[in-house]
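To start, the structure under review is shown below, and the notes come after it.
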Amino acid sequence: MLEIKNLHVSVGGKAILKGLNLEIKAGEVHAIMGPNGAGKSTLSNVIAGRSGYEVTAGSVHYQGEDLLLKSPEERAWAGVFLAFQYPVEIPGVNNTYLLKAGVNAKRKHLGMGELDAFEFMQLVREKARLVELDASFLSRSVNEGFSGGEKKRNEIFQMAVLEPTLALLDETDSGLDIDALRIVASGVNKLRSQDRAIMMVTHYQRLLNYIEPDFVHVLADGQILKTGDKTLALELEERGYDWVKDA
Amino acid sequence: MPEAYSIEQLRAQAFSLFERLGLPGRKLEDWKYTDVSRLASTLGETWWQATSEQPAFSAEGSIEDLDAYRMVFVSGVFVPAQSKLPDGVDVLPLADLLKRAQSDDSKALFKLDTDAPLMNGFVAVAVALAQDGLCACIADGVILDKPLYMIHVGHGRSHVLSGVMLGTGAEATLIEHFIGSTDEVAGLSNTVTYARLAANASLTHYRLQQEHAQQYHMGRVEVKQSRDSRYVLHAVELGSSLSRLDVLVKLAEENASCELNGLFVASGRQHIDHHTRVDHIAPRCVSRENYRTLLDGRSHGVFNGKVVVHKGAVKTDSSQSNANLLLSKKSEIDTKPELEIYNDDVKCAHGATIGQLDQAQLYYLTSRGVPEAIAKELLLVAFADSVLVGMKDKTVRRFIERAAFAKLPHTSGIEGLTHER
């Protein structure tokens with residue numbers, strides 16, 4: 001589903017990713033762990049299409065198509081979704097309107113009819129319940145005045161509405177208390193299916209107790225240095241990252 | 001106390017002041033960025049003489065679905081047949097304004113203060129030559145049931161002088177709407193509007209400028225507020241080739257508050273300049289200012305917001321914000337927030353920003369599948385929204401939203417947004 005080969009990425013002339021290889025198949029959940037500055041957020045943003053990242057070598061293919069040639073919205077239409085580490089506040093842009101514009105642009109792109117206002121509100125209400133988000137959030141400006149936990153829940157809510165085939169969760173667990181973490185994790189778990197893949201970037205093993213990964217990768221110095229199953233996360237929690245780098 | 005004097009004296013005094021001041025030159029600090037010398041070159045040496053012929057009025061371009069007391073002025077001349085007025089509100093030839101004025105206070109309303117800040121030749125010539133004007137005296141405790149809606153059809157050269165007086169506890173909404181005549185021949189619309197708010201009075205003032213593309217527009221709004229009164233201005237600038245508005249508010253007694261909201265949407269070679277000045281004279285007054293400009297093409301915006309906190313004005317609470325979006329490489333903004341404070345016990349904040357669309361916000365929206373063109377539009381609308389959101393009259397607000405958004409550079413699919421809010 002997602003195939004990353006020998007990916008080299010620079011930001012402002014500084015090499016961040018240095019030959020990263022990663023393959024994610026449909027139905028799989030991958031956790032990317034690693035020390036600060038290893039390139040975890042860069043990886044998420046390069047896949048989602050943020051500008052300012054220079055791909056100097058390598059490739060990223062998604063469902064056989066070259067993802068790097070696509071704009072962020074085209075990637076979203078192809079089924080890519082990034083839950084931001086720091087969701088952006090957009091005063092004056094209504095949360096529901098953003099989603100409606102996104103959903104209908106995708107449907108249009110796929111040759112499906114647009115949802116009317118009624119159908120859309122039904123969809124949105126159902127998904128809001130999924131992440132226990134109060135309906136009042138729907139009519140508010142995007143992330144404006146939301147607490148840290150509300151922002152993260154809003155990301156998972158958006159994900160649920162947009163129904164991506166590849167979900168990238170960038171430190172979705174950071175700053176969440178245990179109740180919020182449980183809600184967010186259950187939202188993600190409900191999305192798990194045979195034709196969807198999830199890549200989650202995290203610092204902590206804690207999240208993996210709630211969303212069980214099939215693979216755990218250690219990203220350090222711009223490369224995947226080690227891959228294992230969920231027990232690797234426990235080992236990392238105990239021993240840190242240095243032993244992986246030194247090995 | 002103001003001395004009683006005749007209309008002839010007032011006119012003569014104003015005209016001699018005009019002869020002395022003439023067109024303001026760019027050497028004056030207040031006119032540094034706005035070149036009005038082209039008025040004389042476009043309209044001729046007698047640019048100040050009012051046009052004698054008026055075209056027939058067509059309601060096209062006015063807010064037709066608004067339930068209001070409508071007053072139509074074509075080229076500065078009142079059109080009674082098109083107008084409907086509430087009891088106690090008159091539109092009169094200027095000569096009759098003073099005769100009708102019932103107190104020394106109301107006479108003082110139209111008195112020419114030659115030493116007033118931002119005094120200039122346009123004000124003087126308006127007082128000297130205005131043919132008609134609105135004289136609205138809202139009695140104590142009267143809450144006007146509908147807005148006063150002045151429709152100014154800008155055709156040729158005209159001057160209008162108006163005054164609104166609100167008695168103790170009175171409340172009113174005034175909408176001044178400047179629409180261009182269809183001939184699109186260069187001319188000058190020059191208006192001066194005075195407002196006096198007695199204790200606990202409240203005035204909401206919409207000023208929507210949509211002159212045609214060749215018109216010069218000059219305006220002055222002068223407000224004096226008594227204790228506990230509230231004044232709110234929504235000044236929206238969309239039309240004309242060159243538009244200048246001076247807004248002066250005097251918070252003369254305790255606990256008065258004013259709110260000045262401004263929105264410019266400019267394109268082509270439009271030039272729009274607002275100078276605002278708020279004088280905090282009495283203690284415990286509040287002033288709020290929020291100006292936003294969206295400038296495209298080769299348009300040029302000027303914002304100068306001055307707040308003066310006088311010696312006795314302790315516990316003043318003042319804030320001013322000006323944000324500007326430059327949508328093209330050739331557009332330009334000159335912004336200058338100014339604070340003068342003459343006592344220590346105040347809370348004052350001001351700030352100005354100039355920028356392009358926020359790339360992080362744009363990325364966020366597109367990453368949700370919103371096409372870039374629509375995402376940009378959403379952000380432009382959101383930017384303007386911070387001013388629009390304060391407009392309490394839904395009909396007026398919807399009209400202004402549509403007119404403003406129609407001028408934005410990206411305009412596909414925006415209609416849905418304004419409906420859903």
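A, B, ... follow the sequence lines: proteins, then strands. Residue 1 opens every chain. Every heavy atom of this structure was used, including side-chain atoms; hydrogens, water molecules and symmetry mates were not.
If you measure heavy-atom distances from A/L98 to chain B, the contacts under 4.5 Å come from both the backbone and the side chain. In this structure, chain B has heavy atoms under 4.5 Å from both the backbone and the side chain of A/N45. For chain B, no part of A/V161 is nearby; none of its heavy atoms comes within less than 4.5 Å.
The shortest non-hydrogen separation linking B/P371 to A/W77 is CG-CZ2, 3.9 Å. A pairwise comparison of heavy atoms in B/G369 and A/A105 identifies O-CB, 3.3 Å as the closest pair.
With A/P72 as the partner, the side-chain contact (heavy atoms from CB on, under 4.5 Å) test is satisfied by one option alone out of B/V370, B/L362, B/L365, B/T366: B/T366.
Between the A/E73 side chain and the B/E372 main chain, a donor and an acceptor come within less than 3.5 Å of each other.
Separating the NZ atom in A/K106 from the CZ atom in B/R368 is a distance of 12.0 Å, to the nearest 0.5 Å. In this structure, B/Y364 OH and A/E89 CD are separated by 10.5 Å, a value rounded to the nearest 0.5 Å. How far OG of B/S367 is from CZ of A/R50: 9.5 Å, rounded to the nearest 0.5 Å.
Surrounding CD of B/E64 are more than 12 heavy atoms belonging to other residues, nucleotides or ligands, all under 6.0 Å away. No more than 12 heavy atoms of other residues, nucleotides or ligands shown are found within 6.0 angstrom of OH on A/Y86.
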